[in-house]
Peer 1: 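What follows is a single structure, and I will ask about it in a moment.
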Amino acid sequence: MKTANQPLLSLKGITKHFGSLTAVNGVDLDVCPGEIVVIIGPSGSGKSTLLRSINFLEEIEEGTIVFEGEEIGYVTNKHGRRHLDAPHKICALRSEIGMVFQHFNLFPHMTVLGNVMEGPLTVQKKSLEEARHIALDMLAKVGLSDKRDVYPATLSGGQKQRVAIARALAMRPKLMLFDEPTSALDPELIGEVFDTIRDLGKEGMTMIIVTHQMGFAKEMADRVIFMEKGSFVAQGTPEDFFANQMEHERIKSFLNRIL
Amino acid sequence: MKFFTGRVVTKAILLFSCLLLLLASVCFATDYDQLFTDANDAMAQGDLPAAITLLKKVEFEKGDESGAFVRSRMQIARLQFALKDMEKASSAAKEVLAVYPDNSEALNFLASVKQEQTPRYQVFVQDCLRFLPQLLKGAVMTITLVVCIILISPVGGLLIALGRISTFKPVSSICWFFIWLFRGTPLLLQLFFIYYGLPSMGITFKPFTAAILGLGLNYSAYLGEIIRGGIQSIEHGQMEAAKAIGMSYWQAMRRVIIPQTYKRLMPPIGNEFIALIKDTALVSTIAMVELMRSADQMFNAYFNVTALILAALIYLLFTTIFTFVFEKIEVRAGIYENR
């Protein structure tokens, strides 16, 4: 059942352990359509794990993921044990949620155009012509039309990340997840990637972004969340967050360290 | 009674005449025997010219019943041959031929003198021309085997590699066992088992089938481990990125992971295939006539080392071509890395 004010994504009690370590500890999060959520926090606080759980790259032990009003991804078998849904269903879900990685993970053996075409071509089984058309659109969107025939190895970090964004967008996702998209970049290349993300935001794309760039969080986010030791410690609008939550001792020391 | 006496007399006469003949021949040949003994002594002391002078004293006598003349002249011929005097060697042999025009020993000797006088390289070329047709036939079989295995083993290897990294325990265990078995026992033993061993269990193969089976299984096991290493060397992020755009495991393998292993796999696989060219020699033991077997046959028939040298050259030609081809393929496979 889809209603107007219904969140696009709703997480409830997400919990994930790595051995004895609790990476994510009962996190709840609602993301409305068009909302940009920025998650910050020290390394090892579970930000990436949470993001990867949404895309089923990590299998969570507890909690539910509701996407467009439907609980997704996990089924309970007749012995009462919970496990990931059938692979083809997981694949279908993933194709609706785009993800961008810290290390780009472009396919080095394909040209830039090939990278962006791959999803529509292989996953959505679109024709070569159609896939090419979509890919060229997406490359134009990230401003890399002129690089379409080169291999990723010749691109700068910033260009690689923009291609990775185009590759994710080519699947026409309803939600985009960014896992530290600028952490592997030289400082002078960060701007071009954020410009691309900013443009996406203006088009109304729903996004969850894990980043250490506070400037970007201040400027872009509808909501900033501070995560530590697997839990949300504080959240609010950027104005509220950076004005008021600064009093929070942990946040203050974290921000002082990275700013 | 009369009959009995007659036989005894006949026997006695026969025996007597034999004895006489023996005595006569011994008396007759005594000089020559002494000559031969003296000549042998001279040879033992290394004085070949003295031996030749002694042997020359043997003269032709009607019929040469004792064979002393032929014996002496052939001995002279061999000694002259050893002294590198081909002229005198030939004339000694020709003395024999003058009396016995079809004495095979003299004829063979003259032939080998002739061969000795022809230049070395010419002999080599003649041998090559003599052995090449047979060796090339064998080489065609070697190449046939190599091509078959090059077509079969990467497919087998890929299946084993995918099986090995499967999370489905029974499949990965079977593949582990397969590799353990075929990598852990000699290829020669595997070939013997397939060709000579399996018939006792009622399974019989033709030599070619057995060779393809043995080499195919063995090389699939080796390539399986190489390909598994290649797949696992591709960084994990590639699989995640493929999954993140909605690819299934197999789509990701086929489109993203496996194509990236090509360049990394070329050097070790090229290595394996060069080893394969040489390993095909092992199937000569299971009644396959390939290059090694052909060379062995030629070598045994003529006791001529040229057959082995030629086979070595053909093997080297094959391995060299392979080395170059694989270098080219390696560059092509990695074209995306440096452009």
Side-chain angles (χ1 to χ4, degrees), chain A residues 48 51-52 54-58 86-112 114-125 149-155 160 163-164 166-173 176-179 184, chain B residues 154 158 161-163 165-172 226-269 326 328-339:
Chain A
S48 291
L51 216 57
R52 291 159 58 81
I54 299 171
N55 216 0
F56 309 105
L57 290 176
E58 303 289 353
H88 70 275
K89 287 192 181 165
I90 295 295
C91 288
L93 292 170
R94 280 180 182 141
S95 68
E96 301 204 339
I97 301 172
M99 183 146 185
V100 174
F101 300 87
Q102 180 179 352
H103 296 289
F104 331 126
N105 298 345
L106 291 180
F107 306 137
H109 59 302
M110 298 178 188
T111 61
V112 165
N115 266 275
V116 184
M117 281 170 68
E118 190 55 25
L121 199 64
T122 305
V123 179
Q124 295 176 334
K125 310 277 183 214
D149 292 325
V150 305
Y151 287 94
T154 60
L155 299 178
K160 281 182 191 168
V163 173
R167 179 176 67 181
L169 290 177
M171 295 298 289
R172 310 262 185 222
M176 283 286 284
L177 308 173
F178 292 86
D179 188 4
Chain B
L158 181 62
L162 291 172
I165 58 180
S166 166
T167 48
F168 188 53
K169 202 78 184 153
V171 170
S172 65
I226 292 173
I227 294 172
R228 179 179 69 92
I231 289 173
Q232 290 181 335
S233 78
I234 303 299
E235 55 160 338
H236 195 55
Q238 291 291 315
M239 178 55 99
E240 294 202 329
K243 283 182 172 175
I245 57 170
M247 284 195 193
S248 69
Y249 177 81
W250 294 111
Q251 283 173 332
M253 273 292 170
R254 188 168 54 83
R255 299 282 304 176
V256 176
I257 306 297
I258 291 170
Q260 286 185 60
T261 63
Y262 294 159
K263 185 194 158 67
R264 295 180 201 193
L265 291 184
M266 275 312 141
I269 287 185
F326 271 96
K328 285 269 180 292
I329 295 175
E330 194 188 327
V331 172
R332 286 283 307 261
I335 208 154
Y336 55 84
E337 279 180 6
N338 17 21
R339 202 192 281 171

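Chain naming here is simple, since letters A, B, ... match the order of the sequence lines and numbering starts at 1 in each.
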Peer 1: Non-hydrogen atoms of chain A under 4.5 Å away: do they reach the side chain of B/A333, the backbone, both or neither?
Peer 2: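 Neither the backbone nor the side chain of B/A333 comes within 4.5 Å of chain A.
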Peer 1: As an exercise, state the distance from CE of B/M239 to CG of A/L57, rounded to the nearest 0.5 Å.
Peer 2: 11.0 Å
Peer 1: Chain B: which of A/P108, A/G119, A/P152, A/G98 shares the most heavy-atom pairs with it under 4.5 Å?
Peer 2: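 Top option by heavy-atom pairs under 4.5 Å: A/P108.
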Peer 1: Taking only heavy atoms into account, what residues of residues 86-94 of chain A are found under 4.5 Å from chain B?
Peer 2: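 The residues closer than 4.5 Å to chain B, in numerical order, are A/C91, A/R94.
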Peer 1: Not counting sequence neighbours, which residues clear side chain to side chain contact (heavy atoms under 4.5 Å, CB included) with A/A184? List them please.
Peer 2: A/Q102, A/H103, A/F104
Peer 1: Please rank A/T111, A/N105, A/N55, A/V100 by heavy-atom pairs under 4.5 Å with chain B and give me the top one.
Peer 2: A/N105
Peer 1: Grab the two heavy atoms, one from A/T122 and one from B/Q251, that are nearest each other, plus how far apart they are.
Peer 2: O-NE2, 3.2 Å
Peer 1: Checking the side chain of A/H109 only, and the main-chain atoms of B/R255 only, is there a donor and an acceptor separated by less than 3.5 Å?
Peer 2: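 Indeed, once roles are kept as given, a pair shorter than 3.5 Å links the two residues.
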Peer 1: Let me know if A/F107 has heavy atoms under 4.5 Å from chain B in its side chain, its backbone, both or neither.
Peer 2: both
Peer 1: Please look at A/R52 and chain B and tell me whether the side chain, the backbone, both or neither of the residue comes under 4.5 angstrom of a heavy atom of that chain.
Peer 2: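 For A/R52, side-chain heavy atoms alone lie under 4.5 Å from chain B.
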Peer 1: Using distance only, find each side-chain donor-acceptor pair of residues 165-172 of chain B under 3.5 Å and give its atom names and separation, not counting sequence neighbours.
Peer 2:
unit_1: B/S166; atom_1: OG; unit_2: B/F168; atom_2: N; d: 2.9
unit_1: B/S172; atom_1: OG; unit_2: B/K169; atom_2: O; d: 3.1

Peer 1: Give, for atom CG of A/N115 and atom CD1 of B/I245, the distance between the pair rounded to the nearest 0.5 Å.
Peer 2: 8.0 Å
Peer 1: Picking from A/L177, A/I97, A/L106, which has the most non-hydrogen pairs under 4.5 angstrom with chain B?
Peer 2: A/L106
Peer 1: Please set out all donor-acceptor pairs under 3.5 angstrom arising from side-chain atoms of residues 256-267 of chain B, sequence neighbours excluded.
Peer 2:
unit_1: B/Q260; atom_1: NE2; unit_2: B/Q238; atom_2: OE1; d: 2.9
unit_1: B/Q260; atom_1: NE2; unit_2: B/V256; atom_2: O; d: 3.1
unit_1: B/T261; atom_1: OG1; unit_2: B/I258; atom_2: O; d: 2.6
unit_1: B/R264; atom_1: NH1; unit_2: B/S233; atom_2: O; d: 2.9
unit_1: B/R264; atom_1: NH1; unit_2: B/S233; atom_2: OG; d: 3.0

